[in-house]
Structure formats: structure tokens, C-alpha cells
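Fair warning: this is a prediction, and the values are worked out from it, not measured in the lab. Quick note on labels: first sequence line is chain A, next is B, and so on, each numbered from 1.
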2 protein chains.
Amino acid sequence: MIDDVCQIKSINEKAVKEVKSKMLDYDILIEISDNFKMLGDPTRIQILYALARRELCVCDLTAVLNMSQSAISHQLRLLRTKNMVKFRKEGKMVYYKLADEHVVKFMEMGVAHATEKK
Amino acid sequence: MIDDVCQIKSINEKAVKEVKSKMLDYDILIEISDNFKMLGDPTRIQILYALARRELCVCDLTAVLNMSQSAISHQLRLLRTKNMVKFRKEGKMVYYKLADEHVVKFMEMGVAHATEKK
DNA sequence: CAATCATATGAATACATGTTCATATGTAAC
DNA sequence: GTTACATATGAACATGTATTCATATGATTG
């Protein structure tokens with residue numbers, strides 16, 4: 001049964017049924033879009049891109065991005081909650097690096113696609 | 001020269017200089033994050049996921065997603081401006097499909113990563 | 001233990017974004 | 001040409017989000 005959304009009468013019911021039956025589960029859907037959303041901000045891309053080169057502490061990142069410590073820390077927190085970065089403490093300092101190869105792959109793909117398009 | 005951002009004194013200048021010199025150009029940076037941002041919404045993911053299966057018209061999409069025609073059309077417009085979908089008109093109807101293999105690849109990767117994580 | 005430094009975080013603010021509502025455009029049917 | 005239908009779009013609204021500011025936490029140094 002197709003819900004009555006607006007007054008459209010010419011729906012291809014067969015195609016819709018087929019496609020609809022294979023749509024993503026809600027949890028997976030949210031997981032996917034949340035992951036992409038995390039990559040959908042220039043500041044976070046820069047952080048991840050920098051960390052893809054080497055492990056860096058928060059203060060290094062502020063210097064690389066030329067942004068406030070607070071802004072960087074807030075973004076790092078988001079990246080942490082989405083398991084995109086790992087960190088270790090060393091005295092006062094906290095060193096961050098990419099969580100795993102997936103993040104690297106996503107970054108590479110994004111960069112490749114964006115640069116190639118030129 | 002590293003800009004004086006907050007009062008941090010223990011910056012690893014060498015590392016910062018090295019990483020900073022290899023950061024992304026502004027245009028590329030924005031291109032990358034804009035592309036990911038386009039994928040960072042559940043509605044758009046669903047639209048792209050549906051179109052990955054087969055070409056569909058707007059009315060079919062409203063039925064598949066069970067959302068208003070207006071909401072779908074607005075999202076399709078965004079996807080069009082970012083060259084993620086193509087369309088063709090046939091009478092009153094407008095049929096959409098994915099623009100190219102890149103979009104498919106991104107989707108596959110997102111799905112794979114999200115499902116595997118379980 | 002007082003001062004300093006590196007980092008984290010809550011609150012406030014400004015801006016971006018997704019959906020709805022109303023309406024416009026364009027095509028087909030009568 | 002009038003009516004109905006498929007799609008597009010501007011404006012309004014509500015919600016999200018990125019940064020700043022102020023401040024807290026936690027570790028080191030003198």
C-alpha cells in the first residue's frame with residue numbers, strides 16, 4: 001500500500017514497491033548520514049586532513065588551522081563521539097590521530113573526487 | 001610564521017610547518033566538505049539510495065520516502081546543483097537518476113561502513 | 001600551594017538548513 | 001480555453017550547528 005502523499009495519481013506502483021522494499025533501515029540510514037555529516041564541515045575536514053599526515057596535539061592543530069583552541073576542541077569532541085579520532089594524553093598535552101583506515105579512505109575519496117572534477 | 005592563537009607556547013613548530021604546507025587549497029576544501037554535506041542528510045541519502053536502484057520520477061520518490069512532493073523537490077534541486085543527479089522530462093513527469101558512478105561509490109562506501117560497524 | 005599552561009566545556013549568539021505552506025509553471029486531457 | 005495533474009520554488013518557521021566567550025579541569029613548575 002502506498003500512502004496518499006499529495007494528489008499524484010501516476011505512481012509506478014511496481015517500481016515503488018520494489019525500491020521501497022529494499023530501502024535502508026532507519027538506524028543504518030541515520031548512521032550513514034551522521035558519518036557524512038561529520039565530514040561535511042571545512043574545519044573538521046582540515047583537522048582530519050592534518051591528522052592524516054601525523055599525530056598532532058590540540059595546540060598544533062590551532063596553529064595549523066589558525067583557529068581558536070576552543071573551536072578546535074569543540075570539533076575534536078564531535079569527532080571523538082563519532083569515533084573518527086583517537087587520542088592519548090601526555091602530561092598537559094593531548095595528542096590526536098585518526099581512528100582507523102576508514103576515515104583515511106573517506107578523506108582520500110573526497111579529495112580525489114574534488115580535485116579530479118577540475 | 002605561526003600566528004599567535006591563544007597563549008600556547010609548546011607548539012611543535014616543525015610538525016606544524018610541515019603539515020600546514022600541505023593543507024588543502026580553500027576551493028578544494030569547500031568542494032570536499034560541500035560534497036560530504038550533500039550526503040549528510042537522511043532524506044538525500046534515501047533519495048540517492050532509491051535512485052541507485054533505478055530511475056524514478058518525483059512522484060515515485062514521494063511514495064518511496066513517504067514525504068511531501070515539496071520536500072522531495074527541494075532536496076532534488078540541491079542534488080542537481082551539486083551535480084549528483086541527472087534528470088529528463090517526459091510530458092508532465094520528470095525522471096531522476098544518479099549523475100555518475102562517483103555518487104554510487106560514495107553511497108556504497110557509506111553503507112558498507114555503517115553496516116560493518118555493527 | 002600558587003601560578004601557569006593545555007585542554008575541555010557550558011552558554012550565548014549568529015547563521016545554516018529542512019520542511020511546510022502557498023503558489024507558480026508547464027503539460028495533458030477534456 | 002478550462003481543468004487537472006506533476007513539478008518547482010519563494011517565504012516562513014523551527015531546528016541544528018559552528019564559533020566565541022567565559023570558565024572549569026587537570027597537570028606541571030617554581
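The list of ring-ring contact (aromatic ring centres under 6.0 Å, His included) pairs with a residue in residues 47-94 of chain B, not counting sequence neighbours, reads B/F87-B/Y96. Sequence neighbours left out, the pairs with a member in residues 36-46 of chain A that pass side-chain hydrogen bond (donor to acceptor under 3.5 Å, both in side chains) are A/R44-A/Q75.
A heavy-atom distance below 4.0 Å to DNA chain C is reached by none of the residues of residues 36-49 of chain A.
Side-chain N/O atoms of A/E116 and B/H102 include a donor and acceptor closer than 3.5 Å.
Proximity of B/Q75 to the phosphate of C/dT17: no side-chain N or O atom is located under 4.0 Å from OP1 or OP2. Listed pair A/R80 / C/dA8 meets the phosphate criterion, a side-chain N or O lying under 4.0 Å from OP1 or OP2.
Residues passing the side chain to side chain contact (heavy atoms under 4.5 Å, CB included) test with A/A99, sequence neighbours excluded: A/K86. For the side chain to side chain contact (heavy atoms under 4.5 Å, CB included) test, residues two or more places apart in sequence or in another chain that qualify with B/R88 are B/E55, B/E90, B/Y95. Partners of B/S73 under the side chain to side chain contact (heavy atoms under 4.5 Å, CB included) rule, at least two apart in sequence or in another chain, are B/V58, B/Q69.
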For nucleotides 20-29 of chain C, tabulate all protein N/O to nucleotide N/O atom pairs closer than 3.5 Å, reporting atom names and distance.
unit_1, atom_1, unit_2, atom_2, d
C/dT20, OP2, B/S68, OG, 3.1
C/dT20, O4, B/H74, NE2, 3.1
C/dC21, N4, B/S70, OG, 2.6

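For the pair A/I72 CD1 and D/dT17 P, the computed distance is 19 Å after rounding to whole Å. With rounding to whole Å, B/D34 atom CG is found 16 Å from D/dT17 atom P.
Residue-level contact check: B/Y96 touches the backbone only, with heavy atoms under 4.0 Å from sugar-phosphate atoms and none from bases. B/L61 comes within 4.0 angstrom of nothing in the nucleic acid, heavy atoms only.
In this structure, A/D25 contributes its side chain and A/I28 its backbone to no donor-acceptor pair below 3.5 Å.
Closest heavy-atom contact between A/V64 and A/A50: CG1-CB, 4.3 Å.
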